[in-house]
Amino acid sequence: MSDEKRVSYLETFFRILIKAAVLNGGTIYEAAQWRSAVVVVPPGRDVANPVHFLPAGGLSIFARIGIQGTFKMLFEFPRAVGRYKNPALGKSDCYYIFIVATIPEGRGQGLASKILREVLQVAQKEQKPAWLEATSETSKRVYAKLGFQELGSVTLGKGKSTADGQSKTEGPGIKIWPMIWHPRPNS
């Protein structure tokens, strides 16, 4: 898929993923009239669960991104992140902070942090960890201030894309940082 087609498809792609998350019990939190939003999948649930992913329009994603893209989404990404997630969580389930987004004019105002504090209050009450993948140095710093621990880094598309996901032979790839937050023990 060309970069132009990929960028034009992103809205549809994320709409389907968000719908799958909600069908799977996920919650959408927002702040400042949707200037920032967070999608959270509850413990024990999986965004890629076919029971919810297919009715959300998942087949159209597979048709659009092809076999190679589907393989990356369903196997390569989870395996790369799993190197950190599985040892950190063991058999525990967690809240998965699936998407954190803030429109450009809302950035730097603490909107995402405000939403994430609300999510972490729920996780604290239930004594469940929270998991996310930071996708930029800036977001990594924001999450660290909220108590998330960086577990390492994963580079996706190395040799095939730029840091922002555009196709580029011998590109550095997209770097993400798996991060976990643990609740304080209840006293």
Side-chain angles (χ1 to χ4, degrees), residues 1-82 84-85 89 93-107 111-112 115-116 118-119 122-123 128 130-136 139 143 154-158 160-168 171 173-179:
M1 180 182 306
S2 72
D3 287 339
E4 186 177 304
K5 286 182 181 178
R6 183 185 58 80
V7 169
S8 71
Y9 183 64
L10 284 176
E11 182 179 341
T12 301
F13 179 76
F14 280 106
R15 192 178 303 272
I16 291 168
L17 292 178
I18 292 166
K19 185 174 180 181
V22 170
L23 288 173
N24 207 10
T27 302
I28 302 172
Y29 296 81
E30 65 85 26
Q33 298 175 340
W34 296 98
R35 286 188 179 93
S36 186
V38 173
V39 180
V40 181
V41 179
R45 303 294 182 96
D46 182 4
V47 173
N49 178 342
V51 171
H52 302 100
F53 188 70
L54 295 176
L59 280 179
S60 69
I61 288 179
F62 298 150
R64 187 71 169 236
I65 65 175
I67 293 171
Q68 187 177 20
T70 299
F71 179 82
K72 288 176 184 177
M73 188 171 106
L74 294 180
F75 300 104
E76 190 176 306
F77 175 77
R79 188 176 355 179
V81 171
Y84 298 100
K85 191 174 188 178
L89 287 171
D93 52 7
C94 66
Y95 279 93
Y96 179 37
I97 300 170
F98 178 53
I99 296 174
V100 178
T102 304
I103 61 172
E105 52 272 16
R107 293 183 185 150
L111 299 175
I115 298 169
L116 289 170
E118 184 180 343
V119 171
V122 174
K128 294 286 185 183
W131 177 270
L132 54 72
E133 296 94 18
T135 57
S136 70
S139 66
Y143 305 147
V154 172
T155 302
L156 305 168
K158 188 173 185 173
K160 299 177 185 174
S161 71
T162 63
D164 64 353
Q166 302 295 315
S167 295
K168 182 180 181 189
I174 303 164
K175 192 169 185 177
I176 62 170
W177 296 267
M179 300 181 80

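Side chains are part of it too, since the values below use all heavy atoms of this structure and drop only hydrogens, waters and symmetry mates. Since the model is a prediction, treat every value here as computed from it, not as a measurement.
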Taking every non-hydrogen atom, the tightest pair across [X] and [Y]:
X    : Y    : result
I16  : G58  : CG2-N, 3.8 Å
K19  : P55  : NZ-O, 4.1 Å
Y96  : L132 : CE1-CA, 4.4 Å
M179 : A134 : SD-CB, 3.8 Å
A20  : H52  : O-CB, 3.9 Å
A31  : L111 : CB-O, 4.2 Å

Separation of [Y] [atom2] from [X] [atom1] (nearest 0.5 Å):
X    : Y    : atom1 : atom2 : result
E133 : K175 : CD    : NZ    : 15.0 Å
Y29  : L116 : OH    : CG    : 10.0 Å
I28  : I18  : CD1   : CD1   : 6.0 Å
L54  : L23  : CG    : CG    : 11.0 Å

- Show your reasoning for whether side-chain contact (heavy atoms from CB on, under 4.5 Å) applies to N24 and F98. CA-CA 12 Å; N24 207 10; F98 178 53; over 6 Å; no

- Query: Can you find a pair of side-chain heavy atoms, one from I115 and one from S36, that are under 4.5 Å apart?
  - Reply: yes

- Can any side-chain N or O of R107 pair as donor or acceptor with the backbone N or O of T102 at less than 3.5 Å? yes

- Task: Output yes when a side-chain donor or acceptor of T155 lies under 3.5 Å from a complementary backbone atom of I174, and no otherwise.
- Result: no

- Candidate pair I176 and V81, rule side-chain contact (heavy atoms from CB on, under 4.5 Å), full reasoning: CA-CA 9 Å; I176 62 170; V81 171; 4.0 Å; yes

- Residues passing the side-chain contact (heavy atoms from CB on, under 4.5 Å) test with A123, sequence neighbours excluded, are Y95, W181

- Could you please spell out the steps behind the side-chain contact (heavy atoms from CB on, under 4.5 Å) verdict for V154 and Y84? CA-CA 9 Å; V154 172; Y84 298 100; 3.7 Å; yes

- Heavy-atom neighbours of Q33 CD exceed 12 at 6.0 Å: no

- Quick check: are there more than 12 heavy atoms from other residues, nucleotides or ligands sitting under 6.0 Å from CZ of R15?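 No.
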
- Just one of D46, L59, L17 clears the side chain to side chain contact (heavy atoms under 4.5 Å, CB included) bar with F53, so which one? L17

